[in-house]
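Below: one structure, written as structure tokens.
Sequence lines set the chain letters: A, B, ... in the order given, protein chains first and strands last, and positions in each chain run from 1. Values below: all heavy atoms of this structure, side chains included; hydrogens, waters and symmetry mates excluded.
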There are 2 protein chains.
Amino acid sequence: MAGRRSGGRRATIHDVAAEAGISRGTVSRVLNNEPYVSDTARRAVQEAVAKVGYVRNAAARNLVTQRSRAIALIIHEPHSLVLEDSNIGNILIGTNSVLSGADHQLVTLMIDSQRDSDRVVEYLRGGFVDGAIILSARTGDPISAAIAEMDLPASMVGHPSDAPDIPFIGIDNRAAAEAIVRRLMATGRRRIGMLASGLDRDSGQDRLLGFTAALGDAYDPDLVVRHQFYSYAAGMEGMEELLARDPSIDGVFAASDAVAAGALDVLHRRGVVVPDDIGVIGFDDSSWALRCTPALSTVRQPAETLGGLAAQQVLDQLSGVDFERALILPTEIAWRESA
Amino acid sequence: MAGRRSGGRRATIHDVAAEAGISRGTVSRVLNNEPYVSDTARRAVQEAVAKVGYVRNAAARNLVTQRSRAIALIIHEPHSLVLEDSNIGNILIGTNSVLSGADHQLVTLMIDSQRDSDRVVEYLRGGFVDGAIILSARTGDPISAAIAEMDLPASMVGHPSDAPDIPFIGIDNRAAAEAIVRRLMATGRRRIGMLASGLDRDSGQDRLLGFTAALGDAYDPDLVVRHQFYSYAAGMEGMEELLARDPSIDGVFAASDAVAAGALDVLHRRGVVVPDDIGVIGFDDSSWALRCTPALSTVRQPAETLGGLAAQQVLDQLSGVDFERALILPTEIAWRESA
DNA sequence: TTGTAAGCGTTATCAA
DNA sequence: TTGATAACGCTTACAA
């Protein structure tokens with residue numbers, strides 16, 4: 001399992017016991033910081049461990065304890081997500097920090113093909129981890145189904161409409177979208193369009209719902225352009241399309257900051273002035289928002305907290321304490337110069 | 001180790017053997033696709049497996065085979081890297097793809113604190129993985145030292161000056177930097193400055209060396225601003241500083257695209273026209289390059305290939321075949337509008 | 001407080 | 001081609 005040593009086999013508890021002149025049982029007790037061990041024995045073991053260069057074999061330990069102290073974080077579609085968009089980095093940081101505090105190792109698994117998906121299911125089934133956190137799942141995601149079926153402690157960040165019964169944590173995308181679109185309307189805009197993305201996820205769907213709810217009677221289906229990804233490219237293409245459909249448009253709600261950035265660049269090249277001619281708003285408050293010119297008005301997600309609480313949900317299941325299976329965190333509006 | 005089943009314990013080879021009415025040895029052979037198994041036995045096992053819902057226990061298997069079929073990819077400093085910069089996404093994609101093809105699971109480990117660092121060393125020592133790929137190591141990195149010491153098959157992307165004897169793969173940062181700076185000089189610039197970053201890594205050091213080499217006698221130490229991170233913020237601060245030091249500057253080499261992007265924005269706000277007043281060049285050809293206005297001239301790194309070959313280096317060590325321990329890949333210049 | 005010994009679920013050797 | 005059986009390295013009753 002571990003890297004083959006250059007020469008000789010690696011030390012076991014057996015060697016430590018022999019070196020220290022005591023039994024393996026006591027060595028194990030020292031290693032696990034258990035009570036009822038004499039100071040003499042403790043010292044002897046510590047010295048022997050150092051001397052023979054002992055390191056615990058995880059496989060053997062996991063086999064008997066039925067635990068690994070590792071938690072998986074599953075990321076779908078590295079292309080569109082890690083590269084282009086979003087708070088994924090902050091989610092990771094929050095998760096890692098909570099897990100680290102509980103002395104669990106975070107292992108990130110990336111799914112980029114059917115083959116990956118199958119292998120990851122094997123990995124989870126095999127017992128390499130005690131639990132899992134699922135990011136950016138789409139409707140019909142086979143991993144989530146497998147996790148639910150194998151009854152592995154888990155938590156989803158976000159919550160696809162058809163998700164199996166797995167605890168989750170998220171934000172109210174619909175309400176947040178509605179709120180920021182209303183604010184855009186309050187600036188006097190009359191013809192507002194939307195660059196919708198990620199409609200195969202709850203986030204995308206709900207942001208669109210919030211948009212239509214805010215517009216009410218003013219809603220014009222013709223002013224919604226759909227795209228698969230939350231990407232910069234989607235923003236560029238979508239904005240071109242929107243301008244083609246209605247040159248008199250004076251407001252745009254982009255489904256994410258990356259999308260908004262693409263839209264802003266198109267507007268800039270076309271000589272359309274933001275926010276004078278068109279007000280633009282985004283969603284996420286990711287690192288894109290402040291890079292945009294002008295700075296983007298957007299919805300701030302508590303990404304790091306989201307990641308941390310997802311980790312906590314998994315740890316709680318592991319320790320058997322009660323916990324809230326459905327968590328919705330509040331968002332806020334970061335109002336800047338783009339609208 | 002795995003998630004506790006709702007009720008009853010999970011099926012073992014024992015159960016399968018009993019159900020199929022044959023020995024555990026034969027069951028194991030079927031499971032591992034070994035030869036010398038009758039079709040009758042094979043079918044019986046497959047049916048039994050399905051019936052009792054058997055899944056192999058990885059810990060037990062790893063214990064006896066001394067293998068895990070998993071490879072770690074270690075990322076330092078998620079903040080500055082994953083969020084701000086670079087080709088890390090592409091490296092991941094390349095690594096995952098090669099490992100996936102060899103039926104190995106990629107597990108990404110993030111290091112964000114001393115505590116993380118210690119835990120990761122434990123994880124590696126424990127035998128959870130058969131090998132490791134190290135990204136963005138700095139000089140004096142304890143993880144690399146530990147990996148070298150424990151003799152774990154590994155590969156580094158990049159190569160810190162004091163790195164222990166671990167195979168590596170990288171690009172010639174010095175030559176690439178020199179080449180693009182020469183090209184900038186060829187556009188007639190006279191006062192060229194550099195926004196240097198990551199000087200605690202080989203990449204940062206070498207890019208600076210390439211810069212001074214290209215300038216030769218024209219090199220003015222006063223025109224080099226140093227910053228710790230390859231970040232957008234570093235580019236903004238550095239550019240302000242550079243303009244303060246010498247308003248007549250007419251060329252800038254940024255140590256990365258993110259840094260260049262920050263510099264471009266400062267110039268834009270100051271009303272300095274690029275490339276008319278100042279020519280700006282970057283490094284990486286990351287997703288930043290095309291988002292910049294104007295599009296950034298930069299050095300293209302074969303990031304995905306880098307990741308793939310690092311994975312291959314590890315796999316080669318595992319299989320014991322000969323391989324090249326020091327790989328340097330060629331780069332090319334992507335010349336666009338910023339210079 | 002310590003030692004003994006029985007597993008944990010596989011794979012792998014050796015006979016049959 | 002198959003079946004016993006001995007490891008693999010550790011934890012954990014149970015006895016002492």
Side-chain angles (χ1 to χ4, degrees), chain A residues 1-5 8-46 48-49 52-69 122-123 125-128 130, chain B residues 1-5 8-45 48-49 52-69 122 125-128 130:
Chain A
M1 188 172 186
R4 246 61 44 239
R5 290 297 132 319
R9 65 186 220 320
R10 81 193 256 173
T12 70
I13 273 204
H14 217 100
D15 304 320
V16 176
E19 175 68 34
I22 52 184
S23 79
R24 319 202 306 249
T26 302
V27 173
S28 175
R29 280 184 280 265
V30 172
L31 259 26
N32 295 306
N33 276 315
E34 279 173 34
Y36 303 118
V37 182
S38 67
D39 283 357
T40 333
R42 206 173 287 278
R43 250 192 309 279
V45 168
Q46 281 157 354
V49 162
V52 304
Y54 171 76
V55 189
R56 203 198 246 125
N57 179 312
R61 177 176 221 222
N62 295 348
L63 178 57
V64 56
T65 60
Q66 310 282 77
R67 283 286 213 122
S68 68
R69 298 194 79 80
E122 270 272 288
Y123 186 87
R125 282 223 153 85
F128 279 92
D130 295 337
Chain B
M1 187 172 188
R4 248 60 43 237
R5 288 300 126 326
R9 68 186 217 323
R10 80 192 257 172
T12 72
I13 273 206
H14 218 100
D15 304 321
V16 176
E19 175 69 31
I22 53 186
S23 79
R24 318 206 302 259
T26 301
V27 172
S28 176
R29 281 185 281 265
V30 171
L31 258 26
N32 294 305
N33 276 315
E34 280 173 34
Y36 303 119
V37 183
S38 67
D39 283 357
T40 334
R42 206 173 288 278
R43 250 192 310 277
V45 168
V49 163
V52 303
Y54 170 76
V55 190
R56 205 196 246 126
N57 179 313
R61 178 177 220 221
N62 295 348
L63 178 56
V64 59
T65 59
Q66 310 282 79
R67 285 286 215 122
S68 68
R69 297 193 79 80
E122 269 273 290
R125 281 222 153 86
F128 279 93
D130 296 336

Mind checking if S38(A) touches a base, just sugar-phosphate, or nothing, with heavy atoms under 4.0 Å?
sugar-phosphate
Interatomic distance, R69(B) atom CZ to E122(A) atom CD [nearest 0.5 angstrom]
11.0 Å
As a check of understanding: the bend across the helix from dT1(C)-dA16(D) to dA16(C)-dT1(D), end axes from five pairs, rounded to 10 degrees, works out to 40°
For A44(B) against A20(B), the heavy-atom pair lying closest together:
O-CB, 3.8 Å
From R61(B) CZ over to I13(B) CD1, what is the distance, rounded to the nearest 0.5 angstrom?
9.5 Å
Is a donor on one side and an acceptor on the other found under 3.5 Å between the side chain of R56(B) and the backbone of L31(B)?
yes
Can you pull the contact range of chain A along DNA chain D, 5' to 3', using atoms under 4.0 angstrom from its heavy atoms?
dG9(D) to dA13(D)
Chain B vs DNA chain C, heavy-atom contacts under 4.0 Å, first-to-last nucleotide span, 5' to 3', is dG9(C) to dT13(C)
Classify the nucleic acid contact of V55(B) as base, sugar-phosphate or nothing, counting any heavy atom under 4.0 Å across all strands shown.
sugar-phosphate
Can you list everything that forms a side chain to side chain donor-acceptor pair (under 3.5 Å) with R24(A)? Sequence neighbours excluded, please.
none
S23(B): side chain to side chain donor-acceptor pair (under 3.5 Å) partners, not counting sequence neighbours:
T26(B)
In short, A11(A) meets V52(A) closest at the heavy-atom pair CB-O, 3.6 Å
Check whether any side-chain heavy atom of R43(B) lies under 4.5 Å from a side-chain heavy atom of V30(B), and answer yes or no.
no
Just to be sure I understand the rule, does R56(B) reach a base, reach only the sugar-phosphate, or reach nothing, if contact means heavy atoms closer than 4.0 Å?
sugar-phosphate
Does any part of the side chain of N57(A), heavy atoms only, come nearer than 4.5 Å to the side chain of T12(A), both counted from C-beta?
no
Locate the shortest heavy-atom distance separating N62(B) from S68(B); write the atom from each residue and the value.
OD1-CA, 3.6 Å
Residues of residues 14-25 of chain A with a heavy atom under 4.0 Å from any atom of DNA chain C, listed by number, are I22(A), S23(A), G25(A)
Which heavy atom in D15(B) sits nearest to a heavy atom in R10(B), and how many Å separate them?
OD2-O, 4.2 Å
